[in-house]
Number of protein chains: 2
Amino acid sequence: MIVTKSGRRMFPTLQMTVTGLQLHSLYSFIVDLKCVDQKRYRYSFHQSKWIATGPGEPELPSRVFLHPDSPAPGRHWMKGPISFDKIKLTNNQMDTRGHIIVNSMHKYQPQISILKHNSVEKRETFSFPETTFIAVTAYQNHRITSLKIERNPFAKGFREGDVDDEMRGHLNLFKPFFSSISSHFQYS
Amino acid sequence: MIVTKSGRRMFPTLQMTVTGLQLHSLYSFIVDLKCVDQKRYRYSFHQSKWIATGPGEPELPSRVFLHPDSPAPGRHWMKGPISFDKIKLTNNQMDTRGHIIVNSMHKYQPQISILKHNSVEKRETFSFPETTFIAVTAYQNHRITSLKIERNPFAKGFREGDVDDEMRGHLNLFKPFFSSISSHFQYS
DNA sequence: GTGTTGTCACCTAGGTGATAAAAT
DNA sequence: ATTTTATCACCTAGGTGACAACAC
């Protein structure tokens, strides 16, 4: 995942559906990033894979992303997929804009917390392994670059089309969808 | 104010500051448009003014604009000016997008309501005379058109500049501000 | 004649990876 | 040698009034 000083969105977007909430109780949804191991990674071009290369940076002041709809009744959250597309990542430890701070070349696991606003607050935290990533300031793997260019609408300018837009639209019908990672959670 | 089928923002933007709210009580802010008289208007080019010309259209199904921050604690609303820039007006009576429906060539008075979410709900409605307007599908008065072009950033393409942007920036320092109508209310 | 609609060029605002320069 | 930064062209997304065509 690309990380910049001014903050970069995640792509694909973190997204989830949830069932089992109480229709009229208030909930908040919070995302944070857990550094999965205290290791620095480097990409081996020969082996085409990431390799852990020893002790990483110290843990960073942890920031969280509060979903802008929070707090909202269960009814609202269950209307459809909950999208975290406004999350921005930065490697600037002095960031003042509230973005989530990460160390480049480190591996992260997004965590989602559901906060239930009752007389007693209840917090439940969970994560989906399919959403782990390594933060970078420049892509290390050409196939990741291609995937992002193909799937992110904002990178359309880098697509080199032997097919025009209309034809591409038809072709896309046969490709797996990949503009968000959609996970599901059953609240209980 | 221009009105279209698909919905048009208001310009200048409705905006207000409020004091006197309880810091931790929840409030919602609601805007609606009151048809000030059941009259249709036409613009007299000779007299350079609007003239009432008899009975207007029947009252329309009233729609309201709920400020997207609602509900929020008093503390939030008093942090700074509350902007209603997302309001959109339409003349399409079949509108399905939740925009506020108005009749063209009729005069309207925006109303703001503060809803206090307590054990007992309290609603207080008020309006600022400086924000009345007549809805149109095309500008009738050339001086209004000029004002909008001068002040609305999105209309920059229609400014015919004998001065470049940097020079204009300096000149603007001497002009009265007119990109929003900012009113104040003391809650009690 | 009068008012409305759809389309357009021209903007604001901001999200992409490429690239060269800089930092480490 | 490796990683980071700043800038850029090229997009998405959507807000302007002008204007010609249209409806009544």
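Protein chains get the first letters and strands the later ones, always in sequence-line order, with residue 1 at the start of each. Everything quoted here is computed from the prediction, not taken from an experiment.
Distances from the side chain of B/Lys148 to the nucleotides D/dG17, C/dG17, C/dG15 place D/dG17 closest. For A/Tyr139, counting side-chain heavy atoms from C-beta on, the closest listed nucleotide (D/dT4, C/dG17, D/dT16) is C/dG17. Checking C/dT16, D/dT3, D/dA18 against every side-chain atom of A/Arg9, the shortest atom distance belongs to C/dT16. With D/dT4, D/dT16, C/dG15 as the choices, the nucleotide that has an atom nearest any side-chain atom of A/Lys88 turns out to be C/dG15. Nearest to the side-chain atoms of A/Gln140 among the listed nucleotides D/dA9, D/dT3, D/dG17 stands D/dT3. Checked against D/dT4, C/dG3, D/dT16, the side chain of B/Arg40 finds its nearest nucleotide in C/dG3.
Formation of a donor-acceptor pair under 3.5 Å by the A/Gln109 side chain with backbone atoms of A/Phe133 is not found in this model. Formation of a donor-acceptor pair under 3.5 Å by the B/Arg42 side chain with backbone atoms of B/Ile51 is not found in this model.
If you measure from atom NZ of A/Lys5 to atom C1' of D/dT5, you get 8 Å, rounded to the nearest angstrom. The distance from atom CG of A/Asn103 to atom P of C/dT24 is 16 Å, rounded to the nearest whole Å. Atom pair B/Asn152:CG and C/dC11:P shows a separation of 14 Å (rounding to whole Å applied). Taking atom CZ on B/Arg42 and atom P on C/dT2, their separation rounds to 8 Å, with Å as the unit. Atom-to-atom, CD1 of A/Ile2 to C1' of D/dT3 comes out at 12 Å; the value is rounded to the nearest Å. Distance CG (B/Asn141) to P (D/dA18): 12 Å, rounded to an integer number of Å. In this structure, the CZ atom of A/Arg159 is 12 Å from the P atom of C/dT16, given to the nearest Å. One interatomic measurement links the two molecules: CD of B/Glu150 to P of C/dC11, which rounds to 14 Å at whole-angstrom precision.
Side-chain atoms of A/Arg8 come within donor-acceptor range of the base of C/dG17, with a qualifying N/O pair under 3.5 Å.
Each of B/His142 and B/Phe154 has a nearest nucleotide on DNA chain D; the 5'-most of these lies closest to B/Phe154. If A/Ala138 and A/Gly7 are placed on DNA chain C by their nearest nucleotide, the residue sitting closer to the 5' end is A/Gly7. Between B/Ala155 and B/Tyr43, the one whose closest nucleotide on DNA chain C sits nearer the 5' end is B/Tyr43.
For the side-chain contact (heavy atoms from CB on, under 4.5 Å) with B/Met10, the qualifying choice from B/Val3, B/Thr131, B/Leu89 is B/Leu89, the only one to do so.
Atom OH of A/Tyr27 sits about 8.0 Å away from atom CD1 of A/Ile114, to the nearest 0.5 Å.
Of the side-chain N and O atoms in A/Lys156, none sit less than 4.0 angstrom from OP1 or OP2 of C/dT16. Taking 4.0 angstrom as the limit, A/Ser104 places a side-chain polar atom (N or O) nearer than this to OP1 or OP2 of D/dT4. Applying the 4.0 Å criterion to OP1 and OP2 of D/dT3, one finds that A/Asn91 has every side-chain N and O outside that range.
Residue contacts for B/Thr145: at a heavy-atom cut-off of 4.0 Å it reaches the sugar-phosphate backbone alone, with no base atom in range.
With contacts defined as side-chain heavy-atom distances shorter than 4.5 Å, the pair B/Met78/B/Leu23 qualifies.
Within 6.0 Å of NZ in B/Lys122 there are more than 12 heavy atoms belonging to other residues, nucleotides or ligands.
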